[in-house]
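Right, one structure below, let's go through it.
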Amino acid sequence: VADTGYAAGVVAQAQKYGTVTISNSGAITVSGYDDVYGIEAVSNYGDISITNGTKAITATSDTDDAFGINAESYTGNVAITSNGAITANGYYAYGIRAVTSSSYDAYTYTSTAGDVTVTTGSTSNIKATGYYAYGIHAQTENYVTVNNGGSILATGDDFSVGIRTVSYYTSTITNSGTIDAAGYDAWAIMSFAESTTITNASSGKIFGAIWTAAYNGDDLLTNNGKWYVGDINVTQFGGGDDSIVNSSTGKIYMDDSYI
């Protein structure tokens, strides 16, 4: 699919409480001058479920934003599972973006949004390149869970982050693959949450600094794999009692690095 303006490969929208379910097993290539989406799913108050197979998704915008997979619901749960290559090139570039938020209208008031869950398999390969680049962005006012089993690389001229989560309560991030970010202001993981739990499995590799923001919550990083902290940014955790646990299989490499 190609267009001179807005372009999308697969689009599914539901009104009110309708649910959206997408299962893709084919390759998708999309380009345009405005916002470009490989897969886009939107529901007002219903749940969204997206499953992407092992084929490649490529979304390229010449002047605006690019999204490999984008899912938005005001109050429903959002779940995305991807096993293929995703390439996003744009001003704002998102490999996977999953967002819910609380809302009010004449029909309903919901103070708490749904949960957001993003899972990538071992064959997943996400590359986001732009002025601002996000490998995975997961956001809700409820609970966020991100499980990465594949490869993530975010490259940004001004800002980049491999995995970014925003949650009013807790964010749980588990990595058994590779998380990397490159550019002027690059972060491997960035989390805004009441508390954040990050687990790097024995097969996991994290390249870059980690930043968490919590007013009083306790953040925990358990490293069973390899973490190359780097020297682009300083790893820092927010308020609360925070812990870094480096297990017997874990290795932390610090080259002009600060934690």
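Throughout, numbering of the chain's residues begins at 1 and tracks the sequence.
Judged purely by distance below 3.5 Å, without hydrogens or angles, the side chains of Thr58 and Thr87 never pair a donor atom with an acceptor atom. Side-chain atoms of Asn200 and Asn224 form no donor-acceptor pair, as typed in the model, at a separation below 3.5 Å. Defined by atom type and a distance below 3.5 Å, a donor-acceptor pair is missing between the side-chain atoms of Thr60 and Ser31. Checked by atom type, the side-chain pair Thr249/Ser247 shows a donor-acceptor distance below 3.5 Å. Residues His137 and Arg97 have side chains that never bring a donor and an acceptor to within less than 3.5 angstrom of each other.
Within 6.0 Å of atom OH in Tyr184, 12 or fewer heavy atoms from other residues, nucleotides or ligands are found, so the atom counts as exposed in its surroundings.
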> Where do Ile163 and Ile152 land on the side chain to side chain contact (heavy atoms under 4.5 Å, CB included) test, with the steps shown first?
Replying inline: CA-CA 8 Å; Ile163 294 176; Ile152 297 173; 3.8 Å; yes
>> One pair to check against side chain to side chain contact (heavy atoms under 4.5 Å, CB included): Asn147 and Val118. What are the steps and the verdict?
In response: CA-CA 6 Å; Asn147 301 304; Val118 177; over 6 Å; no
> Can you list the steps and then say if Tyr228 with Ile206 is a side chain to side chain contact (heavy atoms under 4.5 Å, CB included)?
Replying inline: CA-CA 6 Å; Tyr228 302 85; Ile206 298 174; over 6 Å; no
>> Let's go through Ile86 and Ile96 carefully: what are the C-alpha distance in whole Å and the side-chain angles of both, what is the deciding distance for side chain to side chain contact (heavy atoms under 4.5 Å, CB included) to 0.1 Å, and is it a yes or a no?
In response: CA-CA 8 Å; Ile86 296 175; Ile96 295 176; 3.8 Å; yes
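Looking only at side-chain heavy atoms (C-beta outward), Ser82 and Ile69 come within less than 4.5 Å of each other. Using a 4.5 Å cut-off on side-chain heavy atoms (C-beta onward), Ile80 and Thr117 make no contact. Counting heavy atoms from C-beta outward, Met190 and Phe159 have side chains that approach closer than 4.5 Å. Residues Asp47 and Val78 are not in side-chain contact: their nearest non-hydrogen atoms beyond the backbone lie 4.5 Å or more apart. Looking at Ile22 and Thr51, their side chains never come closer than 4.5 Å, going by heavy atoms from C-beta outward. Counting heavy atoms from C-beta outward, Ile173 and Thr199 have side chains that stay 4.5 Å or more apart. Side-chain contact check for Tyr37 versus Val11: every heavy-atom pair is 4.5 Å or farther apart. By the 4.5 Å heavy-atom criterion applied to side chains, Val36 and Asp64 are not counted as neighbours.
One distance of note links CD of Gln139 with OH of Tyr168; it measures 14.5 Å at 0.5 Å rounding. Residue Asp180 holds its CG atom at 7.5 Å from OG1 of Thr155, rounded to the nearest 0.5 Å. Note: Ser191 OG to Glu194 CD = 11.0 Å, rounded to the nearest 0.5 Å. In this structure, CG in Asn142 is found 8.0 Å from CG in Asn77, a value given to the nearest 0.5 Å. The distance from atom NZ of Lys205 to atom OG of Ser151, rounded to the nearest 0.5 Å, is 10.5 Å. Atom CZ of Phe192 sits about 10.5 Å away from atom OG of Ser171, to the nearest 0.5 Å.
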Would you give me the side-chain donor-acceptor pairs under 3.5 Å for residues 234-245, sequence neighbours excluded?
unit_1: Thr235; atom_1: OG1; unit_2: Ile210; atom_2: N; d: 3.1
unit_1: Asp242; atom_1: OD1; unit_2: Asp219; atom_2: N; d: 2.9

Would you mind writing out the side-chain donor-acceptor pairs for residues 119-134 within the sub-3.5 Å range, not counting sequence neighbours?
unit_1: Thr120; atom_1: OG1; unit_2: Asn148; atom_2: OD1; d: 2.7
unit_1: Thr120; atom_1: OG1; unit_2: Gly149; atom_2: N; d: 3.2
unit_1: Thr123; atom_1: OG1; unit_2: Asn83; atom_2: O; d: 2.5

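Across all their heavy atoms, Ala27 and Lys55 have their closest contact at N-CB, 3.6 Å. Contact detail for Ala41 and Ile50: the closest heavy-atom pair is CB-CD1, 3.8 Å. When all heavy atoms are compared, the tightest approach of Thr140 to Val116 is CB-CG2, 3.8 Å. Minimum interatomic distance between Ala66 and Ser61 (heavy atoms only, all atoms of both residues): CB-N, 4.1 Å. Taking every heavy atom of both residues into account, Gly18 and Ser43 meet most closely at O-OG, 2.6 Å. In terms of heavy atoms, Thr100 sits closest to Ala113 at OG1-CB, 3.4 Å.
Between the side chain of Ser176 and the backbone N or O of Gly204, no donor-acceptor pair lies under 3.5 Å. At least one donor-acceptor pair closer than 3.5 Å links the side chain of Asp35 to the backbone N or O of Asp65. Put simply, the side chain of Ser167 gets close to the backbone of Thr170: a donor and an acceptor are under 3.5 Å apart. In terms of modelled atom types and a separation under 3.5 Å, the side chain of Ser257 and the main chain of Gly230 share a donor-acceptor contact.
Hydrophobic clustering (ILVMFWY, side-chain heavy atoms < 4.5 Å, transitive): Ile198 and Leu220 are in distinct clusters. With hydrophobic clusters built from ILVMFWY side chains whose heavy atoms lie under 4.5 angstrom apart, Ile252 shares a cluster with Leu221. With hydrophobic clusters built from ILVMFWY side chains whose heavy atoms lie under 4.5 angstrom apart, Val166 shares a cluster with Tyr92. Grouping the Ile, Leu, Val, Met, Phe, Trp and Tyr side chains by contacts below 4.5 angstrom, directly or via other members, places Ile232 apart from Trp187. The hydrophobic clustering, which links ILVMFWY residues whose side-chain heavy atoms are closer than 4.5 Å, places Val20 and Ile39 together.
Counting only residues at least two apart or in different chains, salt bridge (Lys or Arg N to Asp or Glu O under 4.0 Å) contacts with residues 79-95 are absent.
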